[in-house]
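One structure is given below, encoded as C-alpha cells.
Sequence positions, counted from 1, serve as the residue numbers for this chain. As the structure lists them, so they are numbered: ligands from 1, and atoms in each ligand from 1.
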Amino acid sequence: MADRSFLDWPFFETRHRELSAALEEWCAGHLPVDHGDVDAACRGLVAALGAAGFLRHSGAAEGERLDVRSLCLIRETLARHDALADFAFAMQGLGMGAVSLFGTPDQREWLEKTRAGRAISAFALTEPDSGSDVANTATTAERVDGGWRLTGEKTYISNGGIADLYVIFARTGEAPGARGLSAFLMPADSPGLSVAERIEVIAPHPLARLKLDGVFLPDSALIGRAGEGFKLAMSVLDVFRPTVGAAALGMARRALDEALARVKSRRIQGQPLAGLQMVQGHVADMALKIDAAALLVYRAAWAKDMGAPRITREAAMAKLYATEAAQQVIDAALQLHGGDGVRKGCPVESLYRDIRALRIYEGASDVQRVVIARSVLE
Ligand code: COS
C-alpha cells in the first residue's frame, strides 16, 4: 500500500480524505481492467467511473467550481492502479474544462452527460504545425449565416475516434496570433468531421488525427467570447496541468511500492537488496522526489481552490517537476528489478511506457520551463 500520510497535510479537508478512501476501495475492486481492446476498455472505464459517481468531480455544473484537489487526488489514485483508468477520467475533465469554466447553461447540458459517464469528451487543440505554439493555430472558423464553418486538421487528439464531442480551437481572425482564436463545442457526428488516422503510441490509448471539411457549428457552439480562445485554452491548462503532475505522482508511488517489494524480497550475497547502501540511496532519492512532487502538485491545486485568479507558474512547476521526477523514479524502480524490469507484463515495464507521454502532453517540459522563467523574470 502506497504511503498516504500526505493526506494529513493542511492542503486537504475531511471530504478529500473521504473521497480518497472511497476511490481506493473502488480501485481495489475494479482495477486494472483488460487493455486488450483499448477503445472498449476506455468506454467501459468512463461508464464505470460515471456509475460510481467519481466522474462528477471531472466537471463543474452551473454555480459549482472545479475542485482541483479532488481532481488531483482522483488522478493520483487511479494512475497508481491503472494508467488507462486515469486517462479515461482525465479526458472527461480536460475535454470539458472550457465548458466547466466558461460554458452557457445549454452547453452545460453536455456536462451532465460527461459527468455521468454517458458521453465521452475530447480536447482538440494540437495541429500538425502547432503543438507548443498554440498562437500558430491554423484551423479556421469562418463566419457564416447562423454560425461558423470550420476547416482544418487536428492531431494527437486523445479520445479521437471514440469521443461523442470535442472542444475545438480555431482561428476566427479578430487579430493575428493568440488574439484571433475561439473555442467551440463540436459534436462528433457533425457533418464534415472525420477521423483521418488512428495513431498508436507506446502506452496505448485512443488517439487520432481529425479532419474538418467545412463543419458547420451554430452560434450556440461558441464557448466564451470570439477571439478569446487562446486565453480560454491557457486557463483550462492552468487547472489541468497540476492534475498531470498528480497522475505522474501516482505512477511514481506505484513504482516505489514495486521497488520496495523487490528490494526486500530479492537476495544478493546472502542478504536482501535493501541491505545494500547503494540500493538504500536509490530508495531515499525516490521517496524524496515523490514528496517534493506531491508538495508542488497539491500547492498548485490548493492555491486554485483557495481562489487564486491565475496559478500559471504553480501549475507549470507542478507539471514539470512531477513528470520529470516520476520518469526518474520509475527508471530507478525498473533498474532495481534487473532483467525482470524490462519483461513485458512487469508493472514497472508498463509504468516506464505509461509515464513518457506525460512529459509531452498539455505542455512539454520545455514549455513549462518557458512559462516559469517568464514569470520569474517578470
Ligand atoms: N491564463 C490566462 N491568460 C493567459 C495565460 C494563462 N495561463 N497565458 C497567457 N495568457 C494571455 C497573455 O496574458 C496574453 O494576453 P494579452 O494578449 O492580453 O497580453 C495572451 O494570452 C498571449 O500570451 P503569450 O504572449 O504568453 O502567448 P505565447 O504565444 O507567447 O504563449 C506558450 C506561449 C508557450 C506559453 C503557450 O503557447 C503554451 O502554453 N503552449 C503549450 C500549449 C500546450 O500545452 N499544448 C499541448 C496541447 S494540449 S494536449
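Ring pair W26/H30 is parallel by interplanar angle, where below 30° counts as parallel and above 60° as perpendicular. Using the six-membered ring where Trp is involved, F6 and Y298 have ring planes that are parallel, under 30° apart on the 30 and 60° scheme.
One side chain, T243 or R75, offers a donor N or O that lies under 3.5 Å from an acceptor on the other.
Under the side-chain contact (heavy atoms from CB on, under 4.5 Å) rule, R369 has a single partner from V371, V367, D366, I372, which is D366.
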I'd like the atom pairs linking ligand 1 to the protein - N or O on both sides, separation under 3.5 Å - with distances to 0.1 Å.
unit_1	atom_1	unit_2	atom_2	d
ligand 1	7 (N)	D238	OD1	3.4
ligand 1	7 (N)	D238	OD2	2.9
ligand 1	7 (N)	T312	OG1	3.2
ligand 1	8 (N)	R310	NH2	3.4
ligand 1	17 (O)	R179	NE	2.7
ligand 1	17 (O)	R179	NH2	2.8
ligand 1	18 (O)	R179	NH2	3.3
ligand 1	18 (O)	K231	NZ	2.9
ligand 1	19 (O)	R179	NH2	3.4
ligand 1	26 (O)	R374	NH1	2.8
ligand 1	30 (O)	R374	NH1	3.2
ligand 1	30 (O)	R374	NH2	2.9
ligand 1	37 (O)	S132	O	3.2
ligand 1	39 (O)	R241	NH2	3.3
ligand 1	40 (N)	S132	O	2.7
ligand 1	44 (O)	R241	NH2	2.9
ligand 1	44 (O)	G363	N	2.9
ligand 1	45 (N)	G131	O	3.2

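The CE atom of M96 lies 4.0 Å from the CG atom of L111; values are rounded to the nearest 0.5 Å.
Formation of a donor-acceptor pair under 3.5 Å by the R149 side chain with backbone atoms of G214 is found in this model.
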